[in-house]
A.B. asks: 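Quick one: structure below, then a few questions.
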Amino acid sequence: MKDIFERTTPEEQGLSSQAIMNFINRMEKRDIDLHSIIILRNNRLIYEAYYEPYTADELHRMFSVTKSFVSAAVGCLWGENKIDLDKPIADYFPEYSKKSSPVTKAATIRHLLKMQSPHEKTAFKQIKTDNWTEAFFKAAPTKYPGTAFSYDTSATHTLTALVEKITGQKLLDYLRDKFLREAGFSDEAYCMTDPVGVSQGGSGLMAKPMDIAVFGNIILNGGRLGEKQVIPEEYIKEATKKQSETFIKGSFFEETRGYGYHFWLCENKGFMCYGIGGQLVLIYPEKNLVFVTTADTLGNKSGISEIMTAFTETIFNDLKDEPLNEDKDSAQRLKETTESLEINFIAANPDVSGENIMDTAWKIEKNPYHLKEIAFNNKNKDFGVLILAAGGNIIPGMSAFTIGKNTHEAMLPFYCSPCSASAGFINENEFVIQFSLRGEEPGKIWFQLSRSEDNGTLLIKKTPLDGFEEFNRSYVLKFAPLKLPRYMKR
């Protein structure tokens, strides 16, 4: 595959290899689960890294980074004179808005871009309907549009529906035809859809990390791809400056600096595409810099802050306007570190034998999810299998795990969710397995078994935003002889 960007050393673009090492080391010390890092400067690729099992070719859920793509599509339509940003969005959807509140009918496209919609919360999460666009017009308004900021994903979804209604194309197909394909954006990337087939512009982008780096670099250059203006420059200027005040509504410091048209502002005169869980495209025009991460911080409330603070203190503050002298030792250390990066796993406890947990089975007391039994088989110093049985004719779910390290070929029981699995003993009577999910519903699921003689508790916690509800509660256990179906025995 041909490189999209010219590759240079960090030092050639005024950044030391040691600064990147400092960032990586700090993320490891803070237990931040990164999946990729990409750094572009002066339209050149100066660093690229992936944490095993993630690779350059694996699609990653980008969550609300998708919103910035929707903004770009709206900007293109505006540049084609196909929409008026100050026209009510209801005018484009008479089929849904006839019975809308006058307050909702007052909301313009620009209001939705600025997250100044009539809804305090996402409309399609308040109203049970398969048609998420209709929900925006059906939900009762809670504030007057064009006034206060509220992060309303249904506003973005409605803008996505607008793009797809006017163009007759899916969101990504339209953007591919406009500029993404020419820019090197991957053919494999796609956007998840709502139940009626509208792209989930609020959070559904599945793309490669380099895809969002490519997009960020176009925004960095004011909507230009090379010498071609692909998004109107005037629109980009408005989209990336403060349009809404967020200091009250921001959940943490980095969300308090303001909001543009589906771009967040950040310190040092930058702005960003920002998705929950650590999906970040940080853009600094004055430094000609784009910094990208994909990650899983869904179970870590301070994770985004940790990434952004570490970036500022280790990388941004190290930038120089002139090339640096090459540092062969630092460059070699960075190369070796990059080749050995891996996502987080449960550490081993060498002082625990595990004999009270492994090769045991437990009856699960009556519960709403009809889980019946959990067992741990194949007693081995490093390897085991979790077996989870449910009622009815459901085949027991199985997953391999390794002690003190990841196995990257695991599958979550009952689901076809690819994941990495690691495990460790807290003590002789407590055991934890961590499943790190990939794909459309990323996150972690932890199984913790705590034993007291013939009784126990199974505590399961999940961080994926949707689904897996049976994996988000505790269960009472009773010890039982280990009996396995014949096809499960070695």
A.B. asks: If you define the side chain from C-beta out and look only at heavy atoms, does anything of Ile445 sit under 4.5 Å from Phe447?
C.D. replies: yes

A.B. asks: Is there a side-chain contact between Ile38 and Leu45, using heavy atoms and a 4.5 Å cut-off?
C.D. replies: yes

A.B. asks: Is the count of non-hydrogen atoms from other residues, nucleotides or ligands lying under 6.0 Å from Glu267 atom CD greater than 12?
C.D. replies: yes

A.B. asks: May I ask you to test the Ser117-Ser154 pair for a side-chain heavy-atom distance under 4.5 Å?
C.D. replies: no

A.B. asks: Would Trp264 and Phe271 count as a ring pair (Phe, Tyr, Trp, His ring centres under 6.0 Å) here? Give the steps.
C.D. replies: CA-CA 5 Å; Trp264 291 85; Phe271 50 89; over 10 Å; no

A.B. asks: To the nearest 0.5 Å, what is the distance between OG1 (Thr142) and NE2 (His119)?
C.D. replies: 7.5 Å

A.B. asks: With a 4.0 Å cut-off, would you call Asp454 and Lys478 a salt bridge?
C.D. replies: no

A.B. asks: Centres of the Phe291 and Phe23 rings: under 6.0 Å?
C.D. replies: yes

A.B. asks: Other residues, nucleotides and ligands only: do more than 12 of their heavy atoms fall within 6.0 Å of NZ on Lys405?
C.D. replies: no

A.B. asks: Using only atom types and a distance under 3.5 Å, with no angle test, would you say the side chain of Gln279 pairs donor to acceptor with the backbone of Ala295?
C.D. replies: yes

A.B. asks: Would you name the heavy atoms of Leu437 and Pro464 that are closest together and state the gap between them?
C.D. replies: CD2-CG, 4.3 Å

A.B. asks: Ignoring hydrogens, what is the shortest heavy-atom contact between Ile283 and Cys273? Give both atom names and the distance.
C.D. replies: CD1-SG, 4.5 Å

A.B. asks: Taking only Lys NZ, Arg NE, NH1 and NH2, and the carboxylate oxygens of Asp or Glu, determine whether Arg26 and Glu313 approach each other closer than 4.0 Å.
C.D. replies: yes

A.B. asks: Could you go through Ile39 and Leu289, starting from their C-alpha distance and side-chain angles, then the distance that decides it, and tell me whether this counts as side-chain contact (heavy atoms from CB on, under 4.5 Å)?
C.D. replies: CA-CA 7 Å; Ile39 308 176; Leu289 176 74; 3.8 Å; yes

A.B. asks: Just verifying a value: how many Å separate Asn427 CG and Ile357 CD1, rounded to the nearest 0.5 Å?
C.D. replies: 8.0 Å

A.B. asks: What pair of heavy atoms forms the shortest contact from Asn288 to Leu220, and how long is it?
C.D. replies: OD1-CD2, 3.2 Å

A.B. asks: Would you find a donor on one side and an acceptor on the other, under 3.5 Å apart, between the side chain of Lys320 and the backbone of Asp318?
C.D. replies: yes

A.B. asks: If the test is side-chain hydrogen bond (donor to acceptor under 3.5 Å, both in side chains), which one of Asn300, Asp33, Thr463, Asn344 qualifies with Lys444?
C.D. replies: Asp33

A.B. asks: What's the shortest heavy-atom distance between Phe435 and Ser399, and which atoms?
C.D. replies: CE2-OG, 3.2 Å

A.B. asks: Under the side-chain contact (heavy atoms from CB on, under 4.5 Å) criterion, do Asp152 and Phe136 qualify, and how do the steps go?
C.D. replies: CA-CA 10 Å; Asp152 174 17; Phe136 178 87; 3.9 Å; yes

A.B. asks: Is a side-chain N or O of Ser64 found less than 3.5 angstrom from the main chain of Gly275, in a donor-acceptor match?
C.D. replies: no

A.B. asks: Measuring only between side-chain heavy atoms, which start at C-beta, is Tyr274 closer than 4.5 Å to Glu255?
C.D. replies: yes

A.B. asks: Between the side chain of Ser17 and the main-chain N/O of Leu334, is any donor-acceptor distance below 3.5 Å?
C.D. replies: no

A.B. asks: Ignoring hydrogens and geometry, is there a side-chain-to-backbone donor-acceptor pair from Glu12 to Thr9 under 3.5 Å?
C.D. replies: yes

A.B. asks: Looking only at side chains, do Tyr475 and Glu470 share a donor and an acceptor under 3.5 Å apart?
C.D. replies: no

A.B. asks: Under 3.5 Å, side chain of Ser71 to main-chain N/O of Tyr261, donor-acceptor pair present?
C.D. replies: yes

A.B. asks: In terms of relative ring orientation, are Phe431 and Phe376 parallel, tilted or perpendicular, with 30° and 60° separating the classes?
C.D. replies: perpendicular

A.B. asks: May I ask you to say whether Glu254 pairs ionically with Arg257, meaning some side-chain N is under 4.0 Å from a carboxylate O?
C.D. replies: no

A.B. asks: Side chains of Asp211 and Leu205: closer than 4.5 Å at any heavy-atom pair?
C.D. replies: no

A.B. asks: For Lys462 and Phe468, which heavy atoms make the closest approach, and how far apart are they?
C.D. replies: CG-O, 4.0 Å

A.B. asks: Salt-bridged, Glu428 to Arg451, with N to O below 4.0 Å?
C.D. replies: no

A.B. asks: Would you check if the side chain of Asn367 reaches a backbone N or O of Glu365 as a donor-acceptor pair within less than 3.5 Å?
C.D. replies: yes

A.B. asks: Do Leu319 and Arg41 come close enough that some side-chain heavy atom pair is under 4.5 Å?
C.D. replies: yes

A.B. asks: Roughly how far apart are Arg44 CZ and Arg7 CZ, rounded to 0.5 Å?
C.D. replies: 14.0 Å

A.B. asks: Going by the angle between their ring planes, with limits at 30° and 60°, are Phe471 and Phe414 parallel, tilted or perpendicular?
C.D. replies: parallel

A.B. asks: Using 30° and 60° as the class boundaries, would you call the ring planes of Phe215 and Phe69 parallel, tilted or perpendicular?
C.D. replies: parallel

A.B. asks: Kindly say whether Met210 contributes a backbone atom to a donor-acceptor pair with the side chain of Lys208 at under 3.5 angstrom?
C.D. replies: no

A.B. asks: Regarding Thr338 and Tyr47, do their side chains bring together a donor and an acceptor under 3.5 Å, going by distance alone?
C.D. replies: yes

A.B. asks: Under a 4.0 Å N-O cut-off, is there an ion pair linking Glu441 with Arg61?
C.D. replies: yes

A.B. asks: Mark yes when over 12 heavy atoms from residues, nucleotides or ligands other than Glu336 sit less than 6.0 Å from its CD; otherwise mark no.
C.D. replies: yes

A.B. asks: Looking at Asn317 and Thr312, would you say the former's side chain and the latter's main chain have a donor-acceptor pair under 3.5 Å?
C.D. replies: yes

A.B. asks: Please report the shortest heavy-atom distance between Val290 and Ala213, naming the atom on each side.
C.D. replies: CG1-O, 4.5 Å

A.B. asks: Tell me whether the rings of His60 and His35 are parallel (<30°), tilted (30 to 60°) or perpendicular (>60°).
C.D. replies: tilted

A.B. asks: Can you tell me how far apart OG (Ser150) and CD1 (Ile248) are? Round to the nearest 0.5 Å.
C.D. replies: 10.5 Å

A.B. asks: Can you list the steps and then say if Asp296 with Ser436 is a side-chain contact (heavy atoms from CB on, under 4.5 Å)?
C.D. replies: CA-CA 9 Å; Asp296 175 13; Ser436 298; 5.6 Å; no

A.B. asks: How about Tyr54 and Ser36: do any of their side-chain heavy atoms sit closer than 4.5 Å?
C.D. replies: no

A.B. asks: Drop me the distance from Ile460's CD1 to Leu371's CG, to the nearest 0.5 angstrom.
C.D. replies: 6.5 Å

A.B. asks: To the nearest 0.5 angstrom, please state how far the OG atom of Ser16 sits from the CD atom of Glu326.
C.D. replies: 11.0 Å

A.B. asks: Could you walk me through whether Phe311 and Leu282 pass the side-chain contact (heavy atoms from CB on, under 4.5 Å) test, one step at a time?
C.D. replies: CA-CA 10 Å; Phe311 160 78; Leu282 307 182; 3.7 Å; yes

A.B. asks: Can you tell me if Ser68 and His262 form a side-chain donor-acceptor pair at under 3.5 Å?
C.D. replies: no

A.B. asks: Does Ile276 reach the side chain of Ile304, with side-chain heavy atoms less than 4.5 Å apart?
C.D. replies: no

A.B. asks: Counting distance only, does the side-chain N/O of Arg176 pair as donor-acceptor with the main-chain N or O of Ser186 below 3.5 Å?
C.D. replies: yes

